[in-house]
K.L.:
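Let me give you the structure first, and then I'll get to my questions.
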Amino acid sequence: MPQMPEDTVLQVTNLKKYFPIESGFLRRKVVGNVRAVDGVSFYIKKGRTLGLVGESGCGKTTVARTILRAIDPTEGSILFRTRDGIVDMATLDNKGLKKARTEIQMVFQDPYSSLNPRMPIMDIIAEPLRAHGYSRKDQEERVNELLELVGLRAEYARRYPHSFSGGQRQRIGIARALALNPSVVVADEPVSALDVSVQAQVLNLLLDLQEQMGLTYLFISHDLSVVRYLCDRVAVMYLGRIVELADVDILYGQPRHPYTSTLLSSVPDADPRSAWHAKAIKGEITGPPREVRGCAFAPRCPYAVGICKSTAPELRSISTDESVTHEVACHLAEELELEGVS
């Protein structure tokens with residue numbers, strides 16, 4: 001049986017997902033690969049929240065879908081602690097996946113397209129219950145309980161999705177994710193499509209549910225303000241790789257990767273009287289099909305030196321305190337003094 005620390009619920013090691021680039025007659029010839037996820041490793045402890053951040057296209061959603069086996073990984077292990085023991089999601093067969101997915105669920109980004117417009121809310125939330133053999137009576141009782149849990153009225157169960165606002169639809173999506181009482185919830189930008197005031201309500205709901213149910217979150221977002229509010233640790237992705245991983249206060253206050261510092265500079269200051277200037281990243285993102293030699297961020301990094309362009313940096317710990325997590329994939333991490341946010 002696979003092993004991992006007792007307080008760890010999810011441990012991802014060297015996860016890779018390559019999409020083949022096909023060419024030729026009937027597209028039978030593979031001429032390269034899109035390295036959407038290229039060697040990602042992280043862990044999440046029970047009852048904690050890991051934030052996964054980065055620009056659009058960096059591979060965040062692919063990581064999430066691979067963890068749940070919505071798509072199969074090319075390589076790597078995904079150890080998940082279930083009630084019956086530790087399983088590797090990367091190697092489970094269909095029967096094992098069906099059982100494991102009762103304990104790991106997903107909240108999707110778009111509350112408008114993730115709910116079937118032809119199904120009443122009762123059937124939408126009860127769908128996972130029905131798939132696992134719950135009786136109709138048990139389904140109705142559970143749906144009513146879940147609606148109240150996410151701040152909606154039980155009588156809404158007979159209505160259709162078009163009757164609800166974006167924030168209410170996302171609450172319904174959260175209720176569906178919690179139907180089977182999972183221990184881990186993967187939230188893929190669950191508030192990015194909502195107004196700011198509604199975002200705050202949904203985030204507070206997620207925090208309340210985490211406290212009530214002991215949930216563990218993998219929270220994916222490009223909004224660094226939201227991540228700082230909700231998460232305990234943060235992993236920063238760039239072109240399919242994690243370039244920095246640290247506790248939230250350390251990463252925001254003392255970033256050690258130039259890309260992280262640039263991202264943080266894009267967070268607007270809440271004080272309207274302060275002068276705020278986001279740093280502009282020069283150059284363009286290297287296309288995913290291209291195999292990069294050296295650091296993927298080097299062509300856009302103002303601090304890049306010769307070794308950055310010739311040798312890819314490994315993700316390594318730079319913390320002198322063993323109780324503090326701070327890992328960086330940068331050759332100059334100890335030398336640079338980068339600006340964070342207070």
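Numbers for residues simply follow the sequence, beginning at 1.
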K.L.:
I'd like to know if the side chain of Ser77 pairs up with that of Asp88 as donor and acceptor (distance under 3.5 Å, no hydrogens or angles considered).
P.N.:
no

K.L.:
What is the minimum heavy-atom distance between Ala157 and Pro120, and which atoms define it?
P.N.:
O-CB, 3.9 Å

K.L.:
State whether the side chain of Arg35 and the backbone N or O of Arg241 hold a donor-acceptor pair below 3.5 Å, judged by distance alone.
P.N.:
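Answer holds: no.
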
K.L.:
Indicate whether the side chain of Glu55 and that of Tyr259 have a donor and an acceptor atom separated by less than 3.5 Å.
P.N.:
yes

K.L.:
Go through the steps to decide whether Arg316 and Glu334 satisfy the test salt bridge (Lys or Arg N to Asp or Glu O under 4.0 Å), and finish with yes or no.
P.N.:
CA-CA 11 Å; Arg316 57 191 171 86; Glu334 288 86 354; 2.7 Å; yes

K.L.:
Please name the pair of heavy atoms, one in Ser221 and one in Val227, separated by the smallest distance, quoted to 0.1 Å.
P.N.:
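So the minimum-distance heavy-atom pair works out to CB-CG2, 3.8 Å.
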
K.L.:
When rounded to the nearest 0.5 angstrom, what is the spacing between OH in Tyr18 and CG in Asp38?
P.N.:
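With rounding to 0.5 Å, OH (Tyr18) is 3.5 Å from CG (Asp38).
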
K.L.:
To check you understand the geometry: which heavy-atom pair defines the closest contact between Ile220 and Ala64, and what is its length?
P.N.:
CD1-CB, 3.3 Å

K.L.:
Does the side chain of Thr216 come within less than 4.5 Å of Thr49's, by heavy atoms?
P.N.:
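Not touching, per the 4.5 Å side-chain cut-off.
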
K.L.:
If I take atom CG from residue Leu218 and atom CG from residue Leu50, how far apart are they, to the nearest 0.5 angstrom?
P.N.:
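Here the interatomic distance stands at 6.0 Å.
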
K.L.:
Testing the 3.5 Å rule here: is there a donor-acceptor pair between the side chains of Gln109 and Ser192?
P.N.:
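Judged by distance alone, the side chains do pair up.
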
K.L.:
Quick check against the 3.5 Å criterion: does Lys60 have a side-chain atom that pairs as donor or acceptor with the backbone of Gly54?
P.N.:
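Such a contact is found between Lys60 side chain and Gly54 backbone.
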
K.L.:
If hydrophobic clusters are built by linking Ile, Leu, Val, Met, Phe, Trp and Tyr wherever their side-chain heavy atoms come under 4.5 Å apart, do Val53 and Leu203 end up in the same one?
P.N.:
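Val53 and Leu203: one cluster.
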
K.L.:
Check Arg256 with Glu244, please: is the shortest side-chain N to carboxylate O separation under 4.0 Å?
P.N.:
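Salt bridge between Glu244 and Arg256, a charged N being under 4.0 Å from a carboxylate O: no.
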
K.L.:
Cluster question for you: counting only ILVMFWY and a side-chain heavy-atom cut-off of under 4.5 Å, with indirect links fine, are Ile44 and Met106 together?
P.N.:
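Cluster IDs for Ile44 and Met106 match.
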
K.L.:
Test your reading of the model: is there a side-chain donor-acceptor pair from Glu103 to the backbone of Arg83, 3.5 Å cut-off?
P.N.:
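Yes: the side chain of Glu103 pairs with the backbone of Arg83.
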
K.L.:
Is the shortest heavy-atom distance from the side chain of Met89 to the side chain of Leu68 under 4.5 Å?
P.N.:
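No, side chains not in contact.
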
K.L.:
Going by side chain to side chain contact (heavy atoms under 4.5 Å, CB included), name the residues that satisfy it together with Arg48, two or more places apart in sequence or in a different chain.
P.N.:
Lys45, Asp232

K.L.:
For the backbone of Pro161 and the side chain of Arg169, can you confirm whether one donor and one acceptor N or O come within less than 3.5 Å of each other?
P.N.:
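Such a contact is found between Arg169 side chain and Pro161 backbone.
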
K.L.:
Just one of Asp138, Leu146, Asn144 clears the side-chain contact (heavy atoms from CB on, under 4.5 Å) bar with Arg142, so which one?
P.N.:
Leu146

K.L.:
Do Lys99 and Val87 come within less than 4.5 Å of each other through their side chains, counting heavy atoms only?
P.N.:
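Not in contact.
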
K.L.:
For His162 and Pro117, indicate whether the former's side chain and the latter's backbone hold a donor-acceptor pair under 3.5 Å.
P.N.:
no

K.L.:
Any chance you could measure Arg233, atom CZ, to Leu245, atom CG, to the nearest 0.5 Å?
P.N.:
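Between Arg233 CZ and Leu245 CG, I get 4.5 Å after rounding to 0.5 Å.
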
K.L.:
Under the rule for side chain to side chain contact (heavy atoms under 4.5 Å, CB included), what residues qualify as partners of Glu211, not counting sequence neighbours?
P.N.:
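Side chain to side chain contact (heavy atoms under 4.5 Å, CB included) check on Glu211 returns nothing, list empty.
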
K.L.:
Short question: side chain of Gln168, backbone of Leu152 - any donor-acceptor pair under 3.5 Å?
P.N.:
no

K.L.:
Just verifying a value: how many Å separate Leu194 CG and Gln201 CD, rounded to the nearest 0.5 Å?
P.N.:
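Result: 9.5 Å between the selected atoms.
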
K.L.:
Does Arg171 use its side chain to pair, donor to acceptor, with the backbone of Val150 at less than 3.5 Å?
P.N.:
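Yes; judged by distance alone, with no hydrogens or angles, the pair exists.
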
K.L.:
Is there a side-chain contact between Ile86 and Gln11 in this structure, where contact means two heavy atoms from C-beta onward sitting under 4.5 Å apart?
P.N.:
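No, their side chains stay 4.5 Å or more apart.
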
K.L.:
Kindly give the heavy-atom pair with the smallest separation between Pro313 and Ala329, and that separation in Å.
P.N.:
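Minimum heavy-atom separation between Pro313 and Ala329: CG-O, 3.5 Å.
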
K.L.:
Strictly by modelled atom types, are Asp7 and Tyr43 linked by a side-chain donor-acceptor pair under 3.5 Å?
P.N.:
no

K.L.:
Group every Ile, Leu, Val, Met, Phe, Trp and Tyr by side-chain heavy-atom contacts under 4.5 Å, then state whether Tyr217 and Val191 land in the same group.
P.N.:
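Same cluster.
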
K.L.:
Checking Thr82 side chain against Gly85 main chain: does a donor-acceptor pair fall under 3.5 Å?
P.N.:
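Yes: the side chain of Thr82 pairs with the backbone of Gly85.
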
K.L.:
Not counting sequence neighbours, which residues clear side chain to side chain donor-acceptor pair (under 3.5 Å) with Gln199? List them please.
P.N.:
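Applying side chain to side chain donor-acceptor pair (under 3.5 Å) to Gln199 gives none.
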
K.L.:
Would Met237 end up clustered with Leu338 when hydrophobic side chains under 4.5 Å apart are linked, directly or stepwise?
P.N.:
no

K.L.:
Quick one: does Phe19's side chain get under 4.5 Å of Thr62's, heavy atoms only?
P.N.:
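A side-chain contact exists here, since the closest heavy-atom pair is under 4.5 Å.
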
K.L.:
Which pair of non-hydrogen atoms, one from Glu148 and one from Ala154, has the smallest distance, and what is that distance?
P.N.:
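Heavy atoms of Glu148 and Ala154 come nearest at OE2-CB, 4.1 Å.
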
K.L.:
Classify the ring geometry between Phe297 and His257 as parallel (under 30°), tilted (30 to 60°) or perpendicular (over 60°).
P.N.:
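Judged by the thresholds at 30° and 60°, the geometry between Phe297 and His257 is tilted.
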
K.L.:
Side-chain donor-acceptor pair under 3.5 Å between Arg300 and Tyr238, yes or no?
P.N.:
yes

K.L.:
Looking at Ile104, Val184, Leu215, which one forms a side-chain contact (heavy atoms from CB on, under 4.5 Å) with Val9?
P.N.:
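Going through the options one by one, the only one that passes is Val184.
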
K.L.:
Taking His331 for its side chain and Thr311 for its backbone only, find out whether a donor-acceptor pair lies under 3.5 Å.
P.N.:
yes

K.L.:
Can you find a pair of side-chain heavy atoms, one from Ile242 and one from Glu327, that are under 4.5 Å apart?
P.N.:
no

K.L.:
Is Leu178 reachable from Ile121 through a run of hydrophobic residues whose side-chain heavy atoms are each under 4.5 Å from the next?
P.N.:
yes

K.L.:
Do any N or O atoms from the side chain of Ser41 and from the backbone of Asn14 form a donor-acceptor pair under 3.5 angstrom?
P.N.:
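Yes; at least one donor-acceptor contact below 3.5 Å.
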
K.L.:
Tell me, do Tyr229 and Asp223 make a side-chain contact under 4.5 Å, heavy atoms counted?
P.N.:
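Sidechains of Asp223 and Tyr229: no contact.
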
K.L.:
State, to 0.1 Å, how close Gly47 and Gln210 come at their nearest heavy-atom pair, and which atoms those are.
P.N.:
O-NE2, 3.3 Å

K.L.:
Does any part of the side chain of Arg101, heavy atoms only, come nearer than 4.5 Å to the side chain of Leu180, both counted from C-beta?
P.N.:
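Side-chain contact under 4.5 Å: no.
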
